[in-house]
Amino acid sequence: MLLGAGVLAGFSTRIGGNSEAPFHSLNVALTVGDDPELVRANRSAFASTIGAHREHLIWGEQPHGGQVAVLTDPSEAADQSGDRPIEGVDALVTSVAGRVLCIRVADCLPVLLADAEAGIIGAAHAGRRGLVAGVLANTVAAMESIGAGRARIRAVIGPAVCGRCYEVPEALAAEFDAAVPGTRAVTSTGTPSLDLPLAGRLLLEQSGVGSVESPGDCTAEQPDLWYSYRRSARTGRFAGFVVLS
């Protein structure tokens, strides 16, 4: 998936890895109880498929907040690469070529962004709490702070749980819809829910990005392709990634 010339972006699936059930098979998360050596092997395999090495991958801690790490110095970016995540951040921004910004998800939105003309990319983990905390607006602002143009930024929202599947209590649905109007939904069984992909699109558009795309895949509805915490609480994580060539 291209976000402009010189930018490679996409999403891994759960296929083609080493992990055993319930993490079968390409789990990239070291925080879900899977065998760490198998996860590292999975990360190496994932990196190899995109022409990178595991030590080139950059991960955030993803505490479901709004903080962004901005990496503009090549040596700093190199120091942050590997299996140790950057603490306290849910989003990553860089202008350094060859370093792969990675988001791990299993229902939350993996959002990939790029201003190819400026050579600036971003990746954000945006769950319900992170969306309210402003993680997407903060990512766009961080990209702009190092030279990106909002109107030039292209964004892709990856596979995530849809409104048909993301059931929440009535009070929570009302609270979130007050924060991001129009995102309250109804599940396939008629109960209150939230449309997080729509929320992501609306917030990105409000931030002034030039275009927003989404493949529309629901993680909860496609167990053969995607991990889903909503479907299987004990499960793995797939990755969203973006890198400047």
Discussion item. Main chain of V156, side chain of E213: is a donor-acceptor contact present, judged purely on distance under 3.5 Å?
Written reply: no
Worksheet item: Are more than 12 heavy atoms from other residues, nucleotides or ligands located less than 6.0 Å from atom CD of E20?
Response: no
Worksheet item: With a 4.5 Å heavy-atom cut-off, do L225 and F238 have their side chains touching?
Response: no
Fill in: Taking every non-hydrogen atom, the tightest pair across G119 and L244
O-CD1, 3.2 Å
Discussion item. Does E167 form a side-chain hydrogen bond (donor to acceptor under 3.5 Å, both in side chains) with T191? I'd like the steps, not just the answer.
Written reply: CA-CA 7 Å; E167 181 180 18; T191 55; 3.2 Å; yes
Worksheet entry | Candidate pair V89 and L92, rule side chain to side chain contact (heavy atoms under 4.5 Å, CB included), full reasoning | CA-CA 8 Å; V89 304; L92 306 161; 4.1 Å; yes
Worksheet item: Side-chain heavy atoms under 4.5 angstrom apart, residues restricted to Ile, Leu, Val, Met, Phe, Trp, Tyr: same cluster for V180 and V140?
Response: yes
Practice prompt. Quick one: do V100 and I50 satisfy side chain to side chain contact (heavy atoms under 4.5 Å, CB included)? Show the steps, please.
Written response: CA-CA 9 Å; V100 187; I50 60 174; 3.9 Å; yes
Worksheet item: How about L71 and V93: do any of their side-chain heavy atoms sit closer than 4.5 Å?
Response: no
Fill in: Check: R152 main-chain N/O paired with D115 side-chain donor or acceptor under 3.5 Å
no
Item to complete: Report yes or no: do Y229 and V105 belong to one cluster of Ile/Leu/Val/Met/Phe/Trp/Tyr joined by side chain heavy-atom distances under 4.5 Å?
Response: no
Worksheet item: Less than 4.5 Å apart, any side-chain heavy atom of D34 and any of S19?
Response: yes
Discussion item. With a 3.5 Å distance limit and no angle check, can you tell me whether R201 reaches the backbone of V212 through a side-chain donor-acceptor pair?
Written reply: yes
Worksheet item: When rounded to the nearest 0.5 angstrom, what is the spacing between CD in Q62 and CG in D90?
Response: 6.0 Å
Worksheet item: Is the backbone N or O of A142 less than 3.5 Å from a side-chain atom of S145, with the two atoms forming a donor-acceptor pair by type?
Response: yes
Response to the item:
What one should report as the nearest heavy-atom pair of V242 and G122 is CG1-O, 3.5 Å
Discussion item. Check the orientation of H64 and H125. Use parallel for under 30°, tilted for 30 to 60°, and perpendicular for over 60°.
Written reply: perpendicular
Response to the item:
When rounded to the nearest 0.5 Å, the distance separating CG of L38 from CZ of R43 is 13.0 Å
Discussion item. When you compare the side chain of R150 with that of V209, does any pair of heavy atoms fall below 4.5 Å?
Written reply: no
Worksheet item: Should the pair R230-D107 be classified as a salt bridge under the 4.0 Å nitrogen-to-oxygen rule?
Response: no
Worksheet item: Rounded to the nearest 0.5 Å, how far apart are CD of E76 and OG of S81?
Response: 10.5 Å
Discussion item. I'd like to know whether R104 forms a side chain to side chain contact (heavy atoms under 4.5 Å, CB included) with V28, so could you lay out the CA-CA distance, the side-chain angles of the two residues, the decisive distance to 0.1 Å, and finally the verdict.
Written reply: CA-CA 7 Å; R104 59 193 185 280; V28 298; 4.2 Å; yes
Worksheet item: When rounded to the nearest 0.5 angstrom, what distance separates NE2 in H53 from OG in S44?
Response: 10.0 Å
Discussion item. Under the criterion side chain to side chain contact (heavy atoms under 4.5 Å, CB included), I'd like the reasoning laid out for L113 against L204: C-alpha separation, chi angles, the key distance, then a yes or no.
Written reply: CA-CA 10 Å; L113 311 95; L204 286 166; 3.9 Å; yes
Worksheet item: Hey, is the main chain of R234 close enough, under 3.5 Å, to the side chain of S232 for a donor-acceptor pair?
Response: no
Worksheet item: Does the pair Y166 and R128 meet the rule for a side-chain hydrogen bond (donor to acceptor under 3.5 Å, both in side chains), with working shown?
Response: CA-CA 11 Å; Y166 188 40; R128 174 178 53 81; 3.3 Å; yes
Response to the item:
Heavy-atom nearest pair, A106 first then G236, reads CB-O, 3.5 Å
Worksheet, complete the sentence: Closest non-hydrogen contact found for I157 with P215 is O-CD, 2.8 Å
Worksheet item: Between N138 and Q67, is there a donor-acceptor pair closer than 3.5 Å when you use the side chain of the first and the backbone of the second?
Response: no
Practice prompt. Report yes if the side chains of T94 and I121 come closer than 4.5 Å at any heavy-atom pair, otherwise no.
Written response: yes
Discussion item. I'd like to know if the side chain of S207 and the backbone of L203 have a donor-acceptor N/O pair within less than 3.5 Å.
Written reply: yes
Worksheet item: Got a salt bridge between E221 and R231, using NZ or NE/NH1/NH2 to carboxylate O under 4.0 Å?
Response: no
Pairs under 3.5 angstrom only: tabulate donor-acceptor contacts from the side chains of residues 192-199 to other protein residues two or more places apart or in another chain.
{"residue": "S193", "atom": "OG", "partner": "G163", "partner atom": "O", "Å": "2.6"}
{"residue": "S193", "atom": "OG", "partner": "A185", "partner atom": "O", "Å": "3.3"}
{"residue": "S193", "atom": "OG", "partner": "V186", "partner atom": "N", "Å": "3.1"}
{"residue": "D195", "atom": "OD1", "partner": "L198", "partner atom": "N", "Å": "3.0"}

Worksheet entry | Which atom of P110 lies closest to which atom of P159, heavy atoms considered | CD-O, 3.4 Å
Worksheet item: With under 30° as parallel and over 60° as perpendicular, where do the rings of W59 and F46 fit, or are they tilted in between?
Response: tilted
Worksheet item: Applying the 4.5 Å side-chain criterion to the ILVMFWY set and letting contacts propagate, would V39 and I58 be lumped into a single cluster?
Response: no
Worksheet item: Would N27 and N42 count as a side-chain hydrogen bond (donor to acceptor under 3.5 Å, both in side chains) if you check the C-alpha gap in whole Å, the side-chain angles of each, and the deciding distance to 0.1 Å?
Response: CA-CA 7 Å; N27 168 44; N42 291 342; over 6 Å; no
Worksheet item: Any link between I86 and L136 through a network of hydrophobic side chains (Ile, Leu, Val, Met, Phe, Trp, Tyr) touching at under 4.5 Å?
Response: no
Discussion item. Does the Lys NZ or Arg CZ of R237 fall within the cation-pi geometry relative to W226 - under 6.0 Å from the ring centre and within 45° of the axis?
Written reply: no
For residues 2-16, please give each side-chain donor-acceptor pair under 3.5 Å, one per line with the distance, not counting sequence neighbours.
{"residue": "S12", "atom": "OG", "partner": "A239", "partner atom": "N", "Å": "2.8"}
{"residue": "T13", "atom": "OG1", "partner": "I15", "partner atom": "N", "Å": "3.1"}
{"residue": "R14", "atom": "NE", "partner": "H24", "partner atom": "O", "Å": "2.8"}
{"residue": "R14", "atom": "NH1", "partner": "P223", "partner atom": "O", "Å": "3.2"}
{"residue": "R14", "atom": "NH2", "partner": "H24", "partner atom": "O", "Å": "2.6"}

Worksheet item: Same cluster or not: are L131 and I153 linked, directly or through other Ile, Leu, Val, Met, Phe, Trp or Tyr residues, by side-chain heavy atoms under 4.5 angstrom apart?
Response: yes
Item to complete: Would you check if T235 and F23 make a side-chain contact, meaning some heavy-atom pair closer than 4.5 Å?
Response: no
Item to complete: Hey, could you give me the OG/CD1 distance between S95 and I120, rounded to the nearest 0.5 Å?
Response: 6.0 Å
Discussion item. Between S25 and N18 (side chain of the first, backbone of the second, donor and acceptor by atom type, cut-off under 3.5 Å), is there such a pair?
Written reply: no
Item to complete: May I ask you to test the V132-F176 pair for a side-chain heavy-atom distance under 4.5 Å?
Response: yes
Worksheet item: Just wondering, do R40 and D83 contact through their side chains at under 4.5 Å, heavy atoms?
Response: yes
Worksheet item: How long is the span from the CD atom in E175 to the CZ atom in R184, to the nearest 0.5 Å?
Response: 12.0 Å
Discussion item. Please give me the minimum heavy-atom distance between L101 and A123, naming the atom from each residue.
Written reply: CB-CB, 4.0 Å
